[in-house]
Visitor: 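I am attaching a structure below and will ask some questions about it afterwards.
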Amino acid sequence: EPLPESLEVDTKPQDMSAAKGGLVIFTANSNPSSRELGRRIADNISFPTETRVQIEESVRGKDVFIIQTVSKDVNTTIMELLIMVYACRTSCARNIIGVIPYFPYSKQCKMRKRGSIVSKLLASMMCKAGLTHLITMDLHQKEIQGFFNIPVDNLRASPFLLQYIQEEIPDYRNAVIVAKSPASAKRAQSFAERLRLGIAVIHGEAQDAESDLVDGRHSPPTVKNIGAIHPSLEIPLLIPKEKPPITVVGDVGGRIAIIVDDIIDDVDSFLAAAETLKERGAYKIFVMATHGILSSDAPQLIEESAIDEVVVTNTIPHEIQKLQCPKIKTVDISMILSEAIRRIHNGESMSYLFRNIGMDD
């Protein structure tokens with residue numbers, strides 16, 4: 001099979017110090033979107049590029065940036081990334097920076113029953129392969145950064161999504177930001193405060209959130225066993241959860257409802273939220289998310305639903321889904337990745353990219 005494609009940026013002395021050894025950007029080869037995102041980033045940096053099919057140039061003493069977007073075959077994508085990182089490490093690259101806009105397996109960041117924390121395993125594998133720095137975007141849980149023993153820059157897509165709302169939704173002042181579950185309330189609050197809009201929270205709907213039956217705290221089963229427990233000990237049982245009736249906290253009547261989240265994959269919860277908002281009087285419904293996985297029959301379900309538009313960024317390739325569903329729109333976030341690469345290579349501060357981002361964001 002062909003080796004991963006490389007994008008080499010031949011820098012000029014006046015642009016970057018020659019002492020830094022030049023800048024090399026590699027894109028993985030698992031899907032065309034990796035190369036497309038790599039080209040966009042290279043174009044934004046405004047340096048001449050040369051595309052090759054094989055990694056033929058020396059990376060000794062250079063800063064190597066490996067751009068990898070997640071394809072449908074996520075395991076192949078991960079393995080390809082690890083091999084590329086290890087190849088650069090054994091070729092004596094000075095720094096190997098992974099640019100992974102969507103961190104795979106990020107939903108598996110908690111212990112579930114007798115499972116494992118897969119995102120921790122993946123972080124260990126990347127560090128062991130030779131990664132020295134990670135650039136990602138909107139981690140499912142920001143605590144995932146603690147799984148790495150290397151610097152992690154968790155960039156935000158919200159400025160681009162906020163800009164889309166302001167520029168592409170003419171009457172957005174009549175909108176309300178909606179959290180489809182209490183778990184999404186912080187993100188919704190962040191959007192609402194920046195746009196000076198109201199907030200609504202849907203509560204009582206069945207979610208995929210952590211429950212007593214799946215998080216492992218009922219293992220072993222809570223059956224009293226006199227032979228196993230000392231007679232003087234009686235461990236109190238946790239009261240089981242009971243879902244309340246579906247309620248919408250906040251007024252959405254006669255308003256535009258903008259549902260915000262970090263990932264949209266299985267769309268059932270979004271469709272149910274849209275139906276609930278329609279029943280409460282919302283006349284337009286938008287869904288804004290950073291990562292549009294949109295797997296299985298998600299495009300068809302969105303097309304037939306009450307949702308008017310789904311807006312996601314290009315952290316994950318979704319060209320096929322857009323052909324199946326015209327309601328899906330894309331926001332380009334390559335600009336912030338380009339600036340992150342430039343600043344890391346030049347040894348500049350990254351704080352500019354995290355302006356006005358608080359501890360709770």
Side-chain angles (χ1 to χ4, degrees), residues 33 36-38 40-46 65 67 69-70 97 99-103 106 133-142 144-145 151-180 184-199 256-264 286-293 309-318 328-346 348-361:
S33 297
E36 176 60 25
L37 183 59
R40 285 175 175 267
I41 291 173
D43 289 342
N44 288 328
I45 297 179
S46 301
F65 293 82
I67 301 167
T69 55
V70 177
I97 301 94
V99 184
I100 310 172
Y102 171 68
F103 189 75
S106 61
H133 199 136
L134 175 66
I135 302 174
T136 187
M137 181 165 284
D138 283 341
L139 287 170
H140 184 58
Q141 296 289 339
K142 60 184 179 181
I144 294 175
Q145 296 174 85
V152 177
D153 287 310
N154 182 28
L155 303 177
R156 304 295 196 274
S158 53
F160 298 91
L161 297 176
L162 291 168
Q163 185 181 43
Y164 184 93
I165 293 173
Q166 293 173 317
E167 295 180 355
E168 302 297 331
I169 305 178
D171 47 350
Y172 82 93
R173 291 293 181 188
N174 189 37
V176 59
I177 305 298
V178 179
K180 67 180 179 66
S184 306
K186 274 190 176 182
R187 180 179 295 270
Q189 181 182 0
S190 175
F191 273 68
E193 290 176 352
R194 284 171 167 80
L195 292 170
R196 278 65 173 173
L197 299 176
I199 185 174
I256 299 173
I258 303 176
I259 304 173
V260 297
D261 212 333
D262 62 328
I263 299 173
I264 177 168
F286 291 79
V287 175
M288 315 286 293
T290 303
H291 310 296
I293 301 177
E309 197 169 282
V310 173
V311 182
V312 294
T313 71
N314 56 343
T315 57
I316 298 176
H318 54 270
I328 301 173
K329 309 296 180 184
T330 306
V331 174
D332 180 26
I333 47 80
S334 63
M335 180 63 71
I336 192 170
L337 296 175
S338 305
E339 183 63 13
I341 291 174
R342 189 191 67 81
R343 287 176 174 269
I344 290 174
H345 179 68
N346 285 341
E348 299 177 14
S349 171
M350 295 287 285
S351 61
Y352 176 81
L353 303 180
F354 295 94
R355 291 169 300 169
N356 302 322
I357 294 179
M359 294 293 292
D360 295 331
D361 289 331

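Everything numeric here is computed off the predicted structure, so don't read it as measured data. Every heavy atom of this structure was used, including side-chain atoms; hydrogens, water molecules and symmetry mates were not. The first residue in the sequence is number 1, and the count goes up from there.
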Visitor: Considering residues at least two apart in sequence or located in another chain, which fulfil the salt bridge (charged side-chain N to carboxylate O under 4.0 Å, His left out) criterion with Arg156?
Guide: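 Partners of Arg156 by the salt bridge (charged side-chain N to carboxylate O under 4.0 Å, His left out) criterion come out as none, since no residue qualifies.
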
Visitor: Restricting to non-hydrogen atoms, name the atom on Val312 and the atom on Gly292 that form the minimum distance, rounded to 0.1 Å.
Guide: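 Looks like CG1-CA, 3.7 Å.
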
Visitor: Do Arg355 and Tyr352 meet the cation-pi criteria used here (NZ or CZ under 6.0 Å from the six-membered ring centre, within 45° of the axis)?
Guide: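 So Arg355 does make the cation-pi contact.
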
Visitor: State which residues pass salt bridge (charged side-chain N to carboxylate O under 4.0 Å, His left out) with Asp262; sequence neighbours excluded, sorted by chain then number.
Guide: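 With sequence neighbours excluded, Asp262 shows a salt bridge (charged side-chain N to carboxylate O under 4.0 Å, His left out) to no residue whatsoever.
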
Visitor: If only side-chain N and O atoms count, and only distance matters, is there a donor-acceptor pair under 3.5 Å linking Thr313 with Asp332?
Guide: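 Judged by distance alone, the side chains do not pair up.
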
Visitor: Which residue in the set Asn44, Ile41, Thr315 passes side chain to side chain contact (heavy atoms under 4.5 Å, CB included) when paired with Leu337?
Guide: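 That would be Ile41.
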
Visitor: Taking salt bridge (charged side-chain N to carboxylate O under 4.0 Å, His left out) as the test, write out the residues that go with Glu309, two or more places apart.
Guide: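 By the salt bridge (charged side-chain N to carboxylate O under 4.0 Å, His left out) rule, Glu309 matches no residue at all.
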
Visitor: Quick one: list whatever passes side chain to side chain donor-acceptor pair (under 3.5 Å) with Asn356, sequence neighbours left out.
Guide: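 With neighbours one apart ignored, the set is empty.
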
Visitor: Can you name the residues that form a side-chain contact (heavy atoms from CB on, under 4.5 Å) with Glu168, not counting sequence neighbours?
Guide: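 Result, side-chain contact (heavy atoms from CB on, under 4.5 Å) vs Glu168: Tyr164.
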
Visitor: For Lys142, I'd like to know if atom NZ has over 12 heavy atoms of other residues, nucleotides or ligands within 6.0 Å.
Guide: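 Buried by this count: over 12 neighbours within 6.0 Å.
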
Visitor: Between the side chain of Thr290 and the main-chain N/O of Ala157, is any donor-acceptor distance below 3.5 Å?
Guide: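 No; judged by distance alone, with no hydrogens or angles, the pair does not exist.
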
Visitor: Could you tell me which residues satisfy side-chain contact (heavy atoms from CB on, under 4.5 Å) with Ala188, sequence neighbours excluded, listed by chain and number?
Guide: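 Expected list: Ile177, Ala179, Ile199, Val260.
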
Visitor: State, to 0.1 Å, how close Val176 and Gly198 come at their nearest heavy-atom pair, and which atoms those are.
Guide: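 Where Val176 meets Gly198 most closely, the heavy atoms are CG2-O, 3.4 Å.
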
Visitor: Just jot down the ring pair (Phe, Tyr, Trp, His ring centres under 6.0 Å) partners of His318, sequence neighbours excluded, or say none.
Guide: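 Once residues adjacent in sequence are excluded, His318 has no partner under the ring pair (Phe, Tyr, Trp, His ring centres under 6.0 Å) criterion.
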
Visitor: Determine yes or no for a side-chain-to-main-chain donor-acceptor pair under 3.5 angstrom, with Arg343 supplying the side chain and Ser349 the backbone.
Guide: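 Yes: the side chain of Arg343 pairs with the backbone of Ser349.
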
Visitor: Do you know the tightest heavy-atom contact between Ala340 and Leu155?
Guide: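 Smallest heavy-atom distance, with atoms named: CB-CD1, 4.0 Å.
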
Visitor: Please identify each residue that fulfils side-chain contact (heavy atoms from CB on, under 4.5 Å) with Gln163, with sequence neighbours left out.
Guide: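 Glu167.
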
Visitor: Go through Ile258 and Val178 one step at a time and tell me if the side chain to side chain contact (heavy atoms under 4.5 Å, CB included) criterion holds.
Guide: CA-CA 6 Å; Ile258 303 176; Val178 179; over 6 Å; no

Visitor: Quick check for you: to the nearest 0.5 Å, what is the distance between Gln145 atom CD and Leu134 atom CG?
Guide: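 So the gap between those two atoms works out to 9.0 Å.
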
Visitor: Taking Ser338 for the side chain and Ser334 for the main chain, is one N or O donor matched with an acceptor at less than 3.5 Å?
Guide: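 It does hold such a pair.
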
Visitor: Is the backbone of Ile336 close enough, under 3.5 Å, to the side chain of Glu339 for a donor and an acceptor to pair up by distance?
Guide: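 Flag not set: sc Glu339 to bb Ile336 has no pair under 3.5 Å.
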
Visitor: Donor-acceptor check, side chain of Arg173 to backbone of Leu197, threshold 3.5 angstrom: yes or no?
Guide: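 Here the side-chain-to-backbone pair does not exist.
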
Visitor: Applying side chain to side chain contact (heavy atoms under 4.5 Å, CB included), run through Leu195 and Tyr172 and close with a yes or a no.
Guide: CA-CA 9 Å; Leu195 292 170; Tyr172 82 93; 4.2 Å; yes

Visitor: Please report the closest heavy-atom contact between His133 and Pro151, naming both atoms and the distance.
Guide: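 Smallest interatomic distance, heavy atoms only, reads CD2-O, 3.5 Å.
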
Visitor: Once you round to the nearest 0.5 Å, how far does NZ of Lys180 lie from CD1 of Ile259?
Guide: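 So the NZ of Lys180 and the CD1 of Ile259 are separated by 8.5 Å.
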
Visitor: For Ile135 and Ile344, run side chain to side chain contact (heavy atoms under 4.5 Å, CB included): C-alpha distance rounded to whole Å, both residues' side-chain angles, the deciding distance at 0.1 Å, then the answer.
Guide: CA-CA 10 Å; Ile135 302 174; Ile344 290 174; 3.4 Å; yes

Visitor: Quick one: side chain to side chain donor-acceptor pair (under 3.5 Å) partners of Asn154, sequence neighbours excluded?
Guide: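 Per chain and number, Asn154 pairs via side chain to side chain donor-acceptor pair (under 3.5 Å) with no residue.
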
Visitor: Locate the shortest heavy-atom distance separating Ile264 from Ala289; write the atom from each residue and the value.
Guide: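 Where Ile264 meets Ala289 most closely, the heavy atoms are CG2-CB, 3.8 Å.
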
Visitor: With the side chain counted from C-beta on, respond yes when Thr136 and Tyr102 share a heavy-atom pair under 4.5 Å apart, and no when they do not.
Guide: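 The answer is no; the side chains never approach within 4.5 Å.
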
Visitor: How about CE on Met335, more than 12 heavy atoms from neighbouring residues, nucleotides or ligands closer than 6.0 Å, or not?
Guide: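 Check fails, neighbour count at 12 or below.
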
Visitor: Looking at every non-hydrogen atom in both residues, tell me the closest pair between Ile67 and Gly38 and how far apart they are.
Guide: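 Answer, listing the atom of Ile67 first, then Gly38: CD1-CA, 3.7 Å.
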
Visitor: Could you work out, with ring pair (Phe, Tyr, Trp, His ring centres under 6.0 Å) as the rule, every residue matching Phe65, not counting sequence neighbours?
Guide: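 Ring pair (Phe, Tyr, Trp, His ring centres under 6.0 Å) list for Phe65, sorted by chain: empty.
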
Visitor: Using the test ring pair (Phe, Tyr, Trp, His ring centres under 6.0 Å), find all partners of Phe286 that sit at least two apart in sequence or belong to another chain.
Guide: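 Counting only residues at least two positions away or on another chain, Phe286 forms no ring pair (Phe, Tyr, Trp, His ring centres under 6.0 Å).
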
Visitor: Apply salt bridge (charged side-chain N to carboxylate O under 4.0 Å, His left out) to Arg194 and list each qualifying residue two or more places apart in sequence or on a separate chain.
Guide: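 Counting only residues at least two positions away or on another chain, Arg194 forms a salt bridge (charged side-chain N to carboxylate O under 4.0 Å, His left out) with Asp361.
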
